[in-house]
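Since the structure comes first, as structure tokens, the remarks are kept for the end.
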Amino acid sequence: MSRSVRADFTARVLSAVRRIPRGRVATYGDVAAIAGRPRAARAVGNIMRTCARPDVPCHRVVAAGGRLGGYGGSETVKRALLVAEGVQFRGKRLADLKTVRIRHRAC
DNA sequence: TGGTTGACGGTGG
DNA sequence: TCCACCGCCAACC
């Protein structure tokens with residue numbers, strides 16, 4: 001049972017990341033919340049690392065505060081991908097997180 | 001089955 | 001604004 005729950009959580013996480021539109025981003029916490037585990041941001045990072053599937057735009061998932069996070073240490077690549085999608089940066093952080101951040105809570 | 005790891009979040013100094 | 005500590009959760013050995 002627990003395994004099914006985790007598998008479902010993982011599936012929801014992948015699905016949530018896949019739904020992030022181009023030019024937008026989401027924090028690990030947001031993805032975790034959408035998947036049903038608001039406090040599983042760390043687990044989301046692990047899922048991203050273990051799965052790392054091409055159909056999952058993991059580069060659109062950033063850390064809280066507009067920071068990039070890990071991404072294997074090559075944060076430059078991740079930043080370049082986001083910049084290519086129109087996301088503006090201010091140094092190592094997003095220039096406007098609240099603007100590009102997706103909102104799963106519809107108006 | 002149990003312990004460790006790690007692409008995090010929030011708070012305090 | 002930056003660094004360190006603690007808490008949380010899934011994957012891996």
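In the text below, chain A, chain B and the rest are named by the order of the sequence lines, each starting its count at 1.
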Distance-only donor-acceptor pairs under 3.5 Å for side chains of residues 43-51 of chain A, two or more places apart:
residue : atom : partner : partner atom : Å
T50(A)  : OG1  : N46(A)  : O            : 3.0
T50(A)  : OG1  : I47(A)  : O            : 3.1

Original post:
What pairs with A16(A) under side-chain contact (heavy atoms from CB on, under 4.5 Å), at least two apart in sequence or on another chain?
Top reply: V31(A), I34(A)

**OP:** State which residues pass side-chain contact (heavy atoms from CB on, under 4.5 Å) with R42(A); sequence neighbours excluded, sorted by chain then number.
**Re:** none

Subject >> Nucleotide dC8(B), atom P - distance to NZ of K78(A) in whole Å >> reply: 8 Å

**OP:** Provide, to the nearest angstrom, the distance between the CZ atom belonging to R93(A) and the C1' atom belonging to dC8(B).
**Re:** 14 Å

**OP:** Go along nucleotides 4-13 of chain C 5' to 3' and tag each nucleotide: B for a protein heavy atom under 4.0 Å from its base, S when only backbone or sugar atoms are that close, - otherwise.
**Re:** ---BBBBS--

Subject >> R18(A): partners by salt bridge (charged side-chain N to carboxylate O under 4.0 Å, His left out), with sequence neighbours left out >> reply: D55(A)

Original post:
How long is the line joining CG of L68(A) and C1' of dC8(B), in whole Å?
Top reply: 14 Å

**OP:** Tell me, please, which residues at least two apart from R101(A) pass salt bridge (charged side-chain N to carboxylate O under 4.0 Å, His left out).
**Re:** D30(A)

